[in-house]
> 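Shown below is the structure under consideration.
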Amino acid sequence: MRIGIHTTGAWFQGPHFLHSSHLRFKLQSSVSYSKVIPCLQDECKDFLPWLRRKSGTEISSILSIGSSVYGRSLFASEFIQAGDCILKVPFNQITPDNVLPEINSFLGKDIGNTARLSIVILVEKKMGQDSEWAPYINSLPRVGEMHSTIFWTKDDLEMVKKSAVYQETINQQAQIEKEYLSVRPALDHFPEFFEDITLKDFMHAHAIVGSRAWGSSKGLSLVPFADFLNHDGVSEALLLSDEDKQTSEVIADRDYAPGEEVLIRYGKFPNATLLMDFGFTLPYNIYDQVQICVSVPQGDPLHLMKLELLHKYCMPTPTDGHGLNSFNCSFTIKEVRSAKGKGRGIPQSLRACARILSATSIQELKELVTEAAQNDGRLARRPLKNRSREIEAHKLLLLQVFNLIQEYGASIESLGPTYASSVGVLALRRKMALDLLTGELRVLRSASSWLKNYCATLSGGNNHA
Ligand SMILES: C[S@@+](CC[C@H](N)C(=O)[O-])C[C@H]1O[C@@H](n2cnc3c(N)ncnc32)[C@H](O)[C@@H]1O
């Protein structure tokens, strides 16, 4: 997995950095400097020596554990130059294979890696100070500190009802509950570990895996220390995992002064993913995206023929599970960077779908089938020869986007009066809901501008890409 590095400079701003009891924790470096690394937890100073002993391999780092506005974080503990390896840790540290063999023998083969790793966390937690991973397990966030949408109340979720996050969270909650019910009989054999474990505990462990584990040769791995790095979506620096050497490395993409916070990029994630999997959002996320649902209206005189064609030729897998009698597909659109450019961000498959949906005669649909056969076999991927029909198809999309823009606008507005005076957790979640909705609205507006420009260009008689 590759992730990037960046700094926010938050180190110089956050109020807790002025705390007098901050520890300075410097690793493998003889360079001295005057800044104090803001570490609020006493155990920080023992963490890396412990991890080195525990893993039996060298862990090299010129990063120090501290605290930032994002929680625990890593900071440059000496001058760093772009290209320096700033962290090298053994990977595959805590994996699904760590499930105790006696527990494993009761788990079905269909139990996935996330559930297995969650069970490992629950056991280690239960063991308390006897756990060989205690310093790490104790550092993991507690239930009230996690804000992934699976922990949101029904009222909280209402704030993001317009976004796909709403339904996906409900599906995710149901999925975790299903997993819990399928592992519960196995857990019941080990009351010493799981007697008082509830769905809520399982969900918590599940969320820890979702927000901290990396994909690895073992399926998933928790990599203590590397997982203290926070995320910056625009960072280009990467973390590389070397399967041969069994190490994960972070390479700096720029220079750092001592004390600067080092951020990496977890992935090119939209706020929807950051919110559901990690429990945070970015105020401006270049990877934001929106789901657009498309269906064939029941009243359409060509309903059946369109359904047949859509099922036969096109589109992502239908999302409604109602078989051939309906077509209900979800398409992901991304921000279209330029209203006059190529329109990258609006999938060709969605535009093809719009061409089929807007057809008004059997003849038109037959011509599309013939054209597909004469070309690459894909239906309606080329602009319709009849310009006004091509414009109509895109106006259909434009109307849908326009309606969504109105609905998002109303949702955002409703977050004002209803939630403006909220404090604590609700205020935080409201802010995240706003980040999510405004990002998705921005994507919709960009799509709208592009579609308008496309239609205007065609109306003006110019050829458009
Ligand atoms: C892999 S952990 C990073 C270390 C974490 N801060 C800690 O205290 O252990 C991922 C979690 O850090 C927090 N986080 C990471 N990047 C963030 C960001 N850019 N903004 C807000 N929170 C962030 C979120 O709580 C996320 O679930």
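Computation of the quantities below employed the complete heavy-atom set of this structure, encompassing side-chain atoms and omitting hydrogens, waters and symmetry-equivalent molecules. Counting starts at 1 for both ligands and their atoms, following the listed order.
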> Measuring from Asn271:CG to Ile286:CD1, what's the distance to the nearest 0.5 Å?
11.5 Å
> Calculate, to the nearest 0.5 Å, the distance between atoms CG and CD belonging to Leu74 and Glu260 respectively.
14.0 Å
> Looking at Lys126 and Asp196, does any basic side-chain N land under 4.0 Å from a carboxylate oxygen?
yes
> Quick one, list the residues around ligand 1 where some non-hydrogen atom comes in under 4.0 Å, by chain and residue number.
Tyr70, Gly71, Arg72, Ser211, Arg212, Asp227, Phe228, Leu229, Asn230, His231, Tyr266, Phe278, Phe280, Leu282
> Check whether any side-chain N or O of Trp450 sits under 3.5 Å from a backbone N or O of Gly341 as a donor-acceptor pair, and report yes or no.
yes
> Is it the case that the side chains of Gln93 and Ser55 hold a donor-acceptor pair, with the cut-off being a distance below 3.5 Å and no angle test?
no
> Is the shortest heavy-atom distance from the side chain of Leu100 to the side chain of Phe190 under 4.5 Å?
no
